[in-house]
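Since we're looking at a predicted model, the values are computed, not measured. We count ligands from 1, going down the list as the structure has it; atoms in each ligand are counted the same way.
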Amino acid sequence: MEISVLTIDGPSGAGKGTVSRLIAQQLEWHYLDSGAIYRALALELTEKDVLHDSITEIVEVALAMDLVFESGEEQLVILNGQDITDLLVLESTGNAASKIATIPEVRAALLQKQRDFKQAAGLVADGRDMGTVVFPEAQYKVFLTASALTRAERRYKQLKLKGIDANLLKITTDIQERDQRDSERQFSPLIPAPDAVYIDSSNLSIQAVVEEVLSLVR
Ligand code: DC
């Protein structure tokens, strides 16, 4: 039987992570946080001092990454034996990830790692190109977005809750820059799949979005 895949794509801060995790829990499906893979690679490149123009070296690092997602109350991300969960959420990590994500060879190197998450009984895949490139065959596709200001305010609250110092204006500018880079890049840009259901979460609660997405699957 074909394994079910639900893709949730959209810009940073639209609520994809929270919504995808809740849906995966309710359906008892696997969860792929593809952004965390790009973020982990960005961290590893900084750690190893690899320059952004050394594409061969970046691809080698990408292929060698031993990345483990431990699901529990909070998802832990372990890279080469080291817990990098707290470093992953930093805005600087997201910005670095968005930059290396423009390189087509890097995207190609990470493709199989992402496809390996497709396992029974099903998968909820969260990212930018899940429905267009990684799982074009997915039965259920959502494009989840929200206004830039709403997304910046959500990110600000998330960081504050984690005790991380944050500045709303800086986050808004970063989000707009990142949106532009992710949407205008030549390879696998952030665009809705033609068969995706478009949801604007600006005025919706998390629960309302979860219900709407679940109604597509059920
Ligand atoms: O979803 P996120 O904010 O954790 O993603 C961080 C960056 O990684 C995002 O700005 C662009 C890149 N990314 C991507 O290019 N493709 C994906 N499927 C997921 C993330």
Donor-acceptor side-chain pairing of R154 and S201 below 3.5 angstrom: yes
Looking only at the side chains, is there a donor atom on one of E91 and N95 sitting less than 3.5 Å from an acceptor on the other? no
Which residue and heavy atom of the protein sit nearest atom 6 (C) of ligand 1, plus the separation: R178 NH1, 3.6 Å
min-distance protein heavy atom vs atom 3 (O) of ligand 1 -> R39 NH2, 2.9 Å
Below a 4.0 angstrom heavy-atom separation, can you tell me which part of R181, side chain or backbone, both or neither, approaches ligand 1? neither
Please, which pairs that meet ring-ring contact (aromatic ring centres under 6.0 Å, His included) have at least one residue in residues 97-134, sequence neighbours excluded? F69-F117
So, S98 versus R178: side-chain donor-acceptor pair below 3.5 Å or not? no
Any side-chain donor paired with an acceptor under 3.5 Å for Q112 and R115? no
Any N or O on D126 sitting closer than 3.5 Å to an N or O of ligand 1? no
Pick, from A14, A97, S188, A96, the option with the minimum heavy-atom distance to atom 7 (C) of ligand 1. A97
If you scan protein heavy atoms around atom 20 (C) of ligand 1, the nearest is G35 CA, 3.6 Å
Could you list the atoms of ligand 1 found under 4.0 angstrom from a heavy atom of D182? 9 (C), 10 (O), 11 (C)
What I want to know is whether Q114 and ligand 1 share at least one N or O pair that is separated by under 3.5 angstrom. no
Carboxylate-amine/guanidinium proximity below 4.0 Å for D179 and R151: yes
Donor-acceptor contact below 3.5 Å, side chain R39 vs main chain A97: no
Flag the pair K160 / D165 as yes when at least one side-chain heavy-atom distance between them is below 4.5 Å, and no otherwise. yes
D33 N/O under 3.5 Å from ligand 1 N/O: no
Under a plain distance cut-off of 3.5 Å, with no hydrogens placed, do E211 and Q207 share a side-chain donor-acceptor pair? yes
Under 4.0 Å to a heavy atom of M130 - the qualifying atoms of ligand 1, by number: 18 (N)
Atom 19 (C) of ligand 1: which protein heavy atom is closest, and how many Å away? S34 OG, 3.4 Å
Return the closest protein heavy atom for atom 1 (O) of ligand 1 as residue, atom name and distance. R128 NH1, 2.8 Å
Any N or O of S12 that comes nearer than 3.5 Å to an N or O of ligand 1? no
How far is atom 8 (O) of ligand 1 from the closest protein heavy atom, and which atom is that? Y38 CB, 3.6 Å
What atoms in ligand 1 come closer than 4.0 Å to a heavy atom of K16? 1 (O)
Distance to 0.1 Å, residue and atom name: give those for the protein heavy atom nearest to atom 12 (C) of ligand 1. A101 CB, 3.7 Å
If you have a sec, work out which protein heavy atom is nearest atom 16 (N) of ligand 1 and how many Å separate them, to one decimal? R107 NH2, 3.0 Å
Closest non-hydrogen atom pair between S188 and D129, with its separation: CB-OD2, 3.6 Å
Using a heavy-atom cut-off of under 4.0 Å, does the side chain or the backbone of R185 touch ligand 1, or both, or neither? side chain
Please name the residue in the list I171, L161, N167, T172 that meets the side chain to side chain contact (heavy atoms under 4.5 Å, CB included) test with Y156. I171
